[in-house]
A.B. asks: 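If you scroll down you'll find the structure; I have some questions about it.
Just so we're on the same page: letters track the sequence lines, and every chain starts at 1. Everything numeric here is computed off the predicted structure, so don't read it as measured data.
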Number of protein chains: 2
Amino acid sequence: MRIAVDAMGGDHAPREIVRGALQAVAEYRVEVILVGDEKRVLPELGDRAASGPVRVVHAPEVIEMRDHPAVAVRRKKNSSIVKATQLVKEGEADAVVSAGSTGASMASALLSLGRIKGIDRPAIAVVLPGGNGYTLLLDIGANVDCKPHNLFQFGMMGHLYAKKILGVANPKVGLLSNGEEETKGNEVTLAAFPLLQKAGINFIGNVEGRDIFQGVADVLVCDGFVGNIVLKAGEGLAEALFKIMKEEIAKSIMAKIGIVMAGAALKGFQRQIEYTEYGGAPLLGVNGVSVICHGRSTAKAIKNAIRVAKESVDNYLVDAIRDSITIAEKKEVDCANAQGSG
Amino acid sequence: MRIAVDAMGGDHAPREIVRGALQAVAEYRVEVILVGDEKRVLPELGDRAASGPVRVVHAPEVIEMRDHPAVAVRRKKNSSIVKATQLVKEGEADAVVSAGSTGASMASALLSLGRIKGIDRPAIAVVLPGGNGYTLLLDIGANVDCKPHNLFQFGMMGHLYAKKILGVANPKVGLLSNGEEETKGNEVTLAAFPLLQKAGINFIGNVEGRDIFQGVADVLVCDGFVGNIVLKAGEGLAEALFKIMKEEIAKSIMAKIGIVMAGAALKGFQRQIEYTEYGGAPLLGVNGVSVICHGRSTAKAIKNAIRVAKESVDNYLVDAIRDSITIAEKKEVDCANAQGSG
């Protein structure tokens, strides 16, 4: 198993990326190809540079956050993300992991790997903690305007990811909406509802905003505009709550002593809500395994993303999506034919 | 100043509603008309029943949560929300406050009071805490599918509410989107952006999800589908965080002692995030003052909602919205004429 890692992407690149990659090599017995500027990557590797499971591929160009992703990936062929994705295309690597620009990761994947046949729009999924489990939310930003059919396909892909990678036997798939009743929703979700109902998956209907973090659904489907706002609002609220807590604590010496005593509990709390640590966001629907990480990823986040990439390859996720879409399309054709002859 | 209060609406009606109304009478020197089932409201009032500033209007019917709002308000003329709103229409009350079904409040207001001339869609606004101030988010559920022109009008109404009721001199109005750049957004927000830019208000452009709770904008505009999900997701996340914190604390005796010592700080923290306590959600764009409260409203929430209703009347909010829309429409006509003759 060889994972191509974009060594230059993210706020803490290349140091944290390289550290995370080395941890993954030790823990998951994968080979890692670090793609980036040799002059910056090699010093981070130190005496591990010549080690068997770690290899460096030189990529001197950088895609900046201000670059237009689709343009940049065409022009900057020697950027780390483009080269890393190209390694997957060429069969030199089995998956790609990056904490750089989400847009560039996506554009590279679409350009080099392409979409799985039958998938209209790939989606970015993220695992949120909640209740006593996790919820896979998708799409979180790949597609701002979606058609009902896109949401249907997100539900199918999310179902497969939850089953194959998160290990949920019969994943509950919900549709994010403004109310639980079937009559609630906007034009697009109202039209997506019956498609998901007929999808042959465990569709539990509409799920409200307040249930996102309660583990009500294993998979939660929405368009990328809503998903992006919900995800970032959650991050922002968690940060704001910590700030308020700190300010309240600062007001009293008793509180300060109390908080020191409750330290382990509060650290556990903080760890649980750091959902950016939960292994990156898979890009589902492209013809290969691509995992996108938060720009602020630490070594631990990168290590976990590499684990997710490895598990996606081990469990033939791309093949499973291809097969299920083929079957779903065939069903639709059969239905249309049956209706036509009926 | 006479406020009609729906005594039967909400999970804790009529007890908490009556208590909140009495507190408001004492604090804000308003008269309150409690509208509801006499048999249930009068016992809650006790010896205050004959008091000058408190009056009861009998309304025996109840609109259930499962009733279709628009149908129910037409059929159940003797329901508390319909009668309370009707009092405003007839000039018997200056404003209406309800913690019952949001849909029924809105349907009653639209049916009895109607829209302000020029306003296409009324919006429900809510005040969220964040940073060192507050952010008014609208719409949070009145309109799931919006046109760019609706978002523009939400911005205008939010601007006026922030200025007149929240006391912000030059409110910063933002458009909730999936990125800060002007190029980010879905079809509707991309088209609303230039309209808000030309509105003659302090439009600060797109605001990301992570900045909702940071006080970046005084007013934040979105469609009711997104607003509803964001609001409920925030509530759900805050609840989930408290649950995690409790579980972590339960694991250790040291943590328990610590938390007791930090008690006041944590209570302050909890109080700050209870944004449902912040005075209800005004329904903006209808021809009268209507304030909608959370179904779980306590006496304090009802009291605060009555204060908001009073301030809206005191500050001629409805007139201000009518005037500003008339001016905005006139500008548009002038522009069209100028372009036509140019």
Side-chain angles (χ1 to χ4, degrees), chain A residues 129-131 141 144-145 176-179 184-189 208-214 222-241 243-245 247-252 254-269 272-273, chain B residues 129-131 141 144-145 176-179 184-189 208-214 222-241 243-245 247-252 254-269 272-273:
Chain A
V144 284
D145 291 294
L176 189 57
S177 190
N178 61 318
K184 290 289 176 87
N186 62 17
E187 278 175 25
V188 176
T189 65
E208 283 197 300
R210 67 174 305 114
D211 286 331
I212 298 174
F213 298 98
Q214 318 290 331
C222 61
D223 70 47
F225 185 78
V226 170
N228 179 287
I229 290 173
V230 162
L231 182 72
K232 289 185 185 162
E235 288 183 1
L237 178 59
E239 264 175 39
L241 294 181
K243 198 169 153 256
I244 294 173
M245 204 195 282
E247 284 165 3
E248 289 290 333
I249 289 162
K251 287 180 190 164
S252 137
M254 279 293 276
K256 274 181 208 160
I257 298 169
I259 291 298
V260 170
M261 291 174 73
L266 292 175
K267 276 218 185 89
F269 168 61
Q272 280 214 40
I273 68 161
Chain B
V144 284
D145 290 294
L176 189 56
S177 189
N178 60 319
K184 289 291 176 88
N186 62 17
E187 278 176 24
V188 176
T189 66
E208 283 196 298
R210 67 173 305 114
D211 287 332
I212 298 175
F213 298 97
Q214 318 289 333
C222 61
D223 70 47
F225 185 79
V226 170
N228 178 286
I229 289 172
V230 162
L231 181 71
K232 289 184 185 163
E235 288 183 0
L237 179 59
E239 264 175 40
L241 294 181
K243 198 169 153 255
I244 294 172
M245 204 194 282
E247 285 166 1
E248 289 291 333
I249 289 161
K251 287 181 191 163
S252 136
M254 279 292 277
K256 276 182 207 159
I257 299 169
I259 290 298
V260 171
M261 291 174 74
L266 291 175
K267 276 218 185 89
F269 168 60
Q272 281 212 42
I273 68 162

A.B. asks: Of the listed residues (B:G185, B:G141, B:G224), which shares the most heavy-atom pairs with chain A below a 4.5 Å separation?
C.D. replies: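 Heavy-atom pairs under 4.5 Å are most numerous for B:G185.
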A.B. asks: Could you list the residues that satisfy side-chain contact (heavy atoms from CB on, under 4.5 Å) with A:N228, not counting sequence neighbours?
C.D. replies: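 Result, side-chain contact (heavy atoms from CB on, under 4.5 Å) vs A:N228: A:K232, B:N178.
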A.B. asks: Is B:E208 in contact with chain A via its backbone, its side chain, both, or neither, using a 4.5 Å heavy-atom distance?
C.D. replies: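 For B:E208, the side chain is the part near chain A, not the backbone.
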A.B. asks: Please report the interatomic distance CD1(B:I229) to CD1(A:I229), rounded to the nearest 0.5 Å.
C.D. replies: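 CD1 of A:I229 is found 9.5 Å from CD1 of B:I229.
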A.B. asks: Is there a donor-acceptor pair under 3.5 Å between the side chain of B:N186 and the backbone N or O of A:F225?
C.D. replies: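 Absent.
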A.B. asks: Can you measure from CD (A:E235) to CG (B:D211) and round to the nearest 0.5 angstrom?
C.D. replies: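 Reported value, rounded in 0.5 Å steps: 11.0 Å.
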A.B. asks: Which region of B:S177, side chain (C-beta onward) or backbone (N, CA, C, O), has a non-hydrogen atom less than 4.5 Å from a non-hydrogen atom of chain A, or is it both or neither?
C.D. replies: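 Both backbone and side chain of B:S177 come within 4.5 Å of chain A.
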